[in-house]
Amino acid sequence: MPGPVIQAPAVSAREAEVLTLLGEHLSNAEIAARLFISVRTAESHVSSLLRKLGLPDRRALARHAAELARTEEPRPAPALPAPLTAFVGRARERGELAEAVASHRLVTVTGPGGVGKTRLALAVAADVAGDFPDGVWFVDLVPVTEPGRVGAAVAAAVGVGEQRGRGIDDAVPAALADRRALLVLDNCEQVRDGVAPFLERLLTACPRLRVLVTSRVRLTVPFERVFPVPPLSRAGGDNSEAVALFLDRAAAAGRLPGPEVGEGAVAVCERLGGMALAIELAAARCSTLGLDGLVAGLSDQLRILAGGPRANDRHRSVRAVLDWSHDLLEPPDQALLRRVAVFVAPFTADAAAGIAGFAPLDPDGVADGLGRLAEHSLLAVTPSVTGTRYQALETIRQYGMERLAGAGELTDVRSRHLSWCLAGADALAGAGGADRRVRFDALAEDMRAALAWAAEQPERRADAHRLALSLAGLAFTRNLLGEAQQRLEQAARLADADDTDADACAAAVALRHAAAVAGCRGLGDDMFRLHRAAAEAARRAGDATGAGRDLATAATVAYRFSSLFTRVPSAEEAAALLTEARELAGDAPAAEAAVALAEAAVVADAFGAVQGDTDNTARETIGFAERAVELARRAGDPVAESAALDALSGAQSWAGDPFAAAAAARRRIDVLTSAPPFPAGPYEPTPFPTGSHRPMPFPAGSHRPTSFPVGARELVDTPAGTHELVDALAMAAGTALGVGALPEARRWGGRLAGHPLLAEAGHHATSWLLVADALTGDAGEVLAGSVRLLDAWERSGRGRSFALGPAAASVAMIHGLRGDHDARRTWLAIVDEAGTGPENRWGYGAVFDATVLLHQGDADAALERVAPEPEQVWKWVCWIWLHWYAALRAEAAVLAGHPDARDRITSARIVTAGNPVASAQVDRAEALLDGDLPRRLAVAAAFEAAGCRYQAARTLVLAGGEHAAAGEAALAGLGLAPGAAR
């Protein structure tokens with residue numbers, strides 16, 4: 001029953017900081033990075049806030065934070081860049097664009113480069129921010145060189161992390177689905193092919209979202225309202241908007257025009273067609289040339305405009321002023337302007353010196369040159385946590401790139417930029433520290449741009465391959481798993497382009513890493529596809545043994561991770577792969593181990609796959625798995641050995657030996673974290689957990705991604721090792737529960753919950769910890785953890801999973817033990833949606849439901865819930881639920897007065913022997929049957945020693961008399977209702 005109403009505890013200072021960041025819709029990982037705390041600590045603060053404030057979920061918490069910001073203090077500024085100069089004029093356009101944003105889902109601000117699209121969009125976004133309580137975000141797409149990365153850029157700006165089992169393009173719509181927010185996308189023209197389909201999906205999924213786009217051309221998508229931006233008005237002479245902008249910028253440059261300049265300023269602005277960028281560039285020269293010099297210079301420069309259409313005039317006016325501004329520079333500054341145009345993100349003076357500092361430039365003079373370019377408004381200067389940075393407006397940057405090509409320096413400067421990116425990637429890979437993430441983010445877009453260029457240059461393909469691998473490793477450690485997989489697949493294509501054996505070998509290695517990353521992402525279809533692609537690459541390299549290993553691994557994946565597929569490979573398809581793998585693999589130890597593991601998976605169904613036979617109880621499964629373990633150990637591959645131990649754990653569970661299953665699961669963690677180092681040399685660690693690929697050398701001259709270390713002590717930092725360890729922690733926690741080792745289950749579950757890989761997948765991270773806490777009886781921990789579970793599950797798209805069903809059912813059980821029937825019904829509905837039917841009906845669902853029914857005193861219903869004998873539902877109870885199921889059947893039989901109660905106790909005692917919790921429950925059943933009070937009290941102590949405080953308290957209630965009062969008090973201390981004595 002619900003507890004008494006109490007006053008909400010005060011929110012701590014740190015919790016207040018977290019609450020503020022929640023109001024900005026940051027993810028837990030983003031909050032952790034902002035406050036320099038762990039993700040787990042951030043999650044704890046979120047859970048605490050939900051309890052203290054009595055709110056149901058994270059979205060409600062974010063809205064509460066926004067309300068506090070509006071009522072208690074000034075509203076936080078939207079996430080918009082702060083221009084360094086004032087916005088001048090455009091009162092009419094500003095109002096009309098604000099009305100358009102209020103009335104239309106998608107507004108595209110169009111116009112030529114330099115007309116002022118970005119500044120107008122930023123001003124309007126700031127004006128209307130108060131109408132969007134769930135956030136205003138700005139995304140600059142200038143650094144985005146690949147259409148497929150538009151979604152990733154939006155996710156980074158909004159603070160959406162990757163979700164297990166789905167791509168980032170799916171995670172963003174899910175996160176913004178119910179938000180009333182404004183998204184500003186700037187400079188969309190160069191990735192229009194990526195922006196258009198992304199926004200069409202986003203707007204369809206997010207009915208309360210508004211999008212404001214700037215682009216030189218319209219997107220041509222549904223919902224779009226096009227808003228052309230005209231040049232600044234010249235109406236009114238020296239009182240016009242154009243003249244006001246000119247005078248403002250001229251004053252900022254050090255020139256204080258007097259009343260006599262009005263006519264000349266009007267003439268300049270008229271000649272420039274009211275183009276904002278051209279006016280600003282001209283005004284920046286006013287202090288040195290004077291108004292007369294400006295008029296004379298521009299008159300000569302713009303004479304080509306006579307007689308042309310006005311639309312063309314506007315384009316040409318900006319180009320003419322850029323030419324004029326460029327020609328006024330000294331040759332070294334001209335060289336610097338065109339060379340720094342290669343940067344797509346803000347850059348430092350040191351970076352510019354490294355790339356642009358060659359003849360006729362002196363590297364030591366680059367910093368001064370940057371200052372002069374900034375004085376002439378050709379570069380913007382912005383401070384950052386990593387030092388002063390410079391950046392050119394996109395129009396100026398594109399102009400610089402044209403000049404770079406015209407000077408014949410494009411290839412040279414691009415190559416220097418590529419080398420700089422490679423050096424930066426190497427430095428990042430070997431670095432640590434709290435600022436590593438910030439340093440990666442500062443370099444990442446330039447690395448991506450350099451990679452895009454190098455990939456198109458045949459003579460730079462080796463460097464492109466190297467950079468793709470490095471970027472993959474850095475993205476992986478940054479938890480950008482989607483990009484890590486993308487870059488590894490790109491590296492494979494680059495390596496395979498020359499069609500040599502060595503290149504095909506390198507492609508196979510990259511594809512195996514990509515498959516491992518896909519495993520970390522929970523994408524079974526991609527794992528399967530990539531291992532088959534690796535097999536094809538190995539064939540082209542003449543490596544039949546490697547191809548056989550890859551095919552065997554693909555067959556294993558089909559069974560081991562069958563629940564992660566959208567299209568589950570059939571048993572016949574997997575068997576065909578296994579047959580082919582046997583023919584190719586040969587007798588190398590690693591190959592034999594891979595084939596042996598595939599046989600354990602496909603032939604004996606050691607993993608209990610979706611496509612497996614539910615009647616398969618083959619005892620020889622253990623023999624298959626033991627052979628795979630031994631062969632993997634001989635091959636010296638700890639990841640393969642862990643995968644084989646997973647098969648052994650499953651086989652022993654199906655054989656009815658949960659203790660052996662738990663021991664094998666624990667051995668996996670030991671193997672992964674304490675294996676000896678790999679042999680010295682240019683080797684890669686095993687790329688995928690279920691395979692047994694021996695480390696394969698890269699071809700001569702290639703580059704191993706330093707973020708994928710080769711020492712086995714660091715094995716868990718590789719994609720394969722990470723995937724395997726996360727799976728091992730989950731299995732160790734689950735199998736520990738199966739044998740009643742509750743403290744051990746909580747320990748492994750806690751490590752899983754805090755793993756960085758699952759920072760944005762709280763439903764998977766907390767699943768086993770929730771079950772352990774529920775069986776312990778700790779209602780407070782379960783209710784707190786259920787918030788993270790539910791929020792993450794909803795943000796991930798409310799998918800099904802074998803792991804989520806037990807977790808949700810355990811939360812439902814706790815609500816049932818608390819007497820909160822409405823909450824229990826809510827969570828049972830979640831079980832139906834998040835879990836899978838047979839497992840719920842016959843496995844964990846039966847265990848948790850029977851526990852609640854017994855607590856409520858309905859022994860007959862509990863007896864019915866666990867009516868089938870374990871042999872009838874073996875596949876659903878023989879993994880971790882067998883002991884719990886058998887003990888509950890015995891106790892339900894006693895409390896319901898079943899005539900076979902004594903026989904059930906006897907059989908359950910045999911099954912649960914060695915399980916401290918389940919065997920204590922069987923002892924309690926017998927004590928109840930015999931009316932043995934002293935034994936009941938001894939059982940209570942046994943439960944307490946096993947860490948199962950709920951059953952200890954309930955035993956006292958069942959003991960009756962004065963003991964019942966102590967038991968009820970203990971249950972209340974756990975946050976549970978007293979229940980019924982019988």
For Leu564 and Met527: C-alpha separation, side-chain torsions, deciding distance, then whether side-chain contact (heavy atoms from CB on, under 4.5 Å) applies. CA-CA 10 Å; Leu564 302 181; Met527 282 190 282; 4.1 Å; yes
Indicate yes or no: does [X] engage [Y] in a salt bridge with an N to O separation below 4.0 Å.
X	Y	answer
Arg567	Glu573	yes
Asp791	Arg788	no
Arg560	Glu724	yes
Asp849	Arg841	no
Glu630	Arg633	yes

Separation of [Y] [atom2] from [X] [atom1] (nearest 0.5 Å):
X	Y	atom1	atom2	answer
His764	Leu789	NE2	CG	9.5 Å
Leu958	Leu933	CG	CG	11.5 Å
Thr722	Asp727	OG1	CG	12.5 Å
Arg667	Ser649	CZ	OG	10.5 Å
Asp605	Tyr559	CG	OH	6.5 Å
Leu597	Phe624	CG	CZ	12.0 Å

Between [X] (side chain) and [Y] (backbone), is there a donor-acceptor pair under 3.5 Å?
X	Y	value
Ser653	Cys878	yes
Asp778	Asp773	no
His855	Ala977	yes
Asp900	Asp903	no
Arg949	Thr776	no
Arg865	Ala850	no
His531	Thr553	no
Ser642	Val639	no
His963	Leu956	no

I'd like to check [X] versus [Y] (side-chain heavy atoms, cut-off strictly below 4.5 Å). Are they in contact?
X	Y	answer
Leu672	Ile669	no
Arg924	Arg935	no
Glu592	Val595	no
Pro868	Val873	yes
Glu744	Arg666	yes
Thr735	Gln652	no
Arg909	Asp923	yes
Leu790	Trp827	yes

Check this for me: Glu833, atom CD, are more than 12 non-hydrogen atoms of other residues, nucleotides or ligands nearer than 6.0 Å? yes
For [X] and [Y], which heavy atoms make the closest approach, and how far apart are they?
X	Y	answer
Gly816	Arg824	CA-CD, 3.6 Å
Ala846	Val866	O-CG1, 4.0 Å
Ala913	Phe659	O-CE1, 3.2 Å
Leu976	Ala779	CD2-CB, 3.8 Å
Glu641	Val629	CG-O, 4.4 Å
Ala606	Ala647	CB-O, 3.6 Å

Assess whether side-chain contact (heavy atoms from CB on, under 4.5 Å) is satisfied between Leu775 and Val917, documenting all intermediate values. CA-CA 10 Å; Leu775 292 174; Val917 178; over 6 Å; no
Establish, yes or no, whether a centroid distance under 6.0 Å links the rings of Trp654 and Trp874. yes
Is the ring centre of Trp881 less than 6.0 Å from the ring centre of Phe848? yes
Dump the intermediate steps for side-chain contact (heavy atoms from CB on, under 4.5 Å) on His815 and Arg825, then the final yes or no. CA-CA 9 Å; His815 283 298; Arg825 280 191 292 271; over 6 Å; no
Would Arg904 and Glu891 satisfy salt bridge (charged side-chain N to carboxylate O under 4.0 Å, His left out), going step by step from the backbone distance to the final call? CA-CA 9 Å; Arg904 290 194 179 186; Glu891 184 169 311; over 6 Å; no
List the steps and the verdict of side-chain contact (heavy atoms from CB on, under 4.5 Å) for Trp748 and Leu769. CA-CA 8 Å; Trp748 299 129; Leu769 184 60; over 6 Å; no
Measure up the Trp879 and Trp768 rings against each other and bin them: parallel (under 30°), tilted (30 to 60°), perpendicular (over 60°). perpendicular
If we ignore angles and hydrogens, is there a donor and acceptor under 3.5 Å between the side chains of Arg936 and Thr955? no
